[in-house]
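Quick notes on the structure that follows.
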Amino acid sequence: MKYFFIILTIAAVLTGSILLFNSCNNAKAYTVDYCGDKDSYENAKDKYKAGEKVEVYYYMIATDTDYSFYLDDERINPDYEESKGYIIRFTMPEHNVKLRCESKNSMLYNG
């Protein structure tokens, strides 16, 4: 009888832990719209769960071009590494987002 209660207690603890773990992982996934430029990003997924840390790399870089990045029309300042390109990091909010890159040729004469 003693072992029955020990096993029952262990089963209850494990069941509670599993339920708690599953409820934490049930965050809704939201989409990222790359504005038709997803192929220019490495590590890019279509969906991320709310609260998930997103890290993508923009590697399609020309030396005579300036790049600006926007998440939902708010400018973000990415990091840069020679081996990865621009590193864009953000925490996925509880809504779909748009990640946009604007490029401008900086070698053109604006006279």
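- Between Tyr41 and Tyr34, the ring-plane angle classifies as tilted under the 30° and 60° cut-offs.
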So Arg75 and Phe69, side-chain contact (heavy atoms from CB on, under 4.5 Å) or not? Walk me through it.
-> CA-CA 6 Å; Arg75 188 169 181 165; Phe69 296 91; over 6 Å; no
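- In this structure, Ala50 and Ala27 approach most closely via the heavy-atom pair O-CB, 4.0 Å.
- Side-chain contact check for Leu99 versus Asp33: every heavy-atom pair is 4.5 Å or farther apart.
- Put simply, the side chain of Tyr86 does not reach to within 4.5 Å of the side chain of Asp79, judged on heavy atoms.
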Counting only pairs under 3.5 Å, give me each side-chain donor-acceptor contact of residues 52-59, with atom names and distances, residues two or more places apart or in other chains.
{"from": "Glu52", "atom 1": "OE1", "to": "Lys49", "atom 2": "N", "distance (Å)": "2.9"}
{"from": "Lys53", "atom 1": "NZ", "to": "Thr91", "atom 2": "OG1", "distance (Å)": "3.1"}
{"from": "Glu55", "atom 1": "OE1", "to": "Arg89", "atom 2": "NE", "distance (Å)": "2.7"}
{"from": "Glu55", "atom 1": "OE2", "to": "Tyr57", "atom 2": "OH", "distance (Å)": "2.6"}
{"from": "Tyr59", "atom 1": "OH", "to": "Asp39", "atom 2": "O", "distance (Å)": "2.9"}

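- With a 4.5 Å cut-off on side-chain heavy atoms, Met92 and Val32 count as touching.
- Salt bridge status for Asp73 with Arg100: present, with a side-chain N to carboxylate O gap under 4.0 Å.
- Here the straight-line distance linking atom CD1 of Ile87 with atom CG of Asn43 works out to 11.0 Å at 0.5 Å rounding.
- Side-chain rings of Tyr48 and Tyr30 stay apart, their centers remaining 6.0 Å or farther from each other.
- For Asn96 (side chain) and Thr31 (main-chain N/O), a donor-acceptor pair under 3.5 Å exists by modelled atom type.
- The minimum heavy-atom distance linking Ala44 with Lys38 is given by the pair O-CE, 3.4 Å.
- Residues forming a side-chain hydrogen bond (donor to acceptor under 3.5 Å, both in side chains) with Asp37 (at least two apart in sequence, or on another chain): Ser40.
- Side-chain contact between Glu102 and Tyr67 is absent, with no heavy atoms from C-beta onward closer than 4.5 Å.
- With hydrogens and angles disregarded, a donor-acceptor distance shorter than 3.5 Å links the side chain of Asp72 to the backbone of Lys98.
- The two residues Thr65 and Ser103 come nearest to each other via the heavy atoms CG2-CB, 3.6 Å.
- Linking ILVMFWY residues whenever their side-chain heavy atoms come closer than 4.5 Å, directly or via other members, places Ile88 and Val97 in the same cluster.
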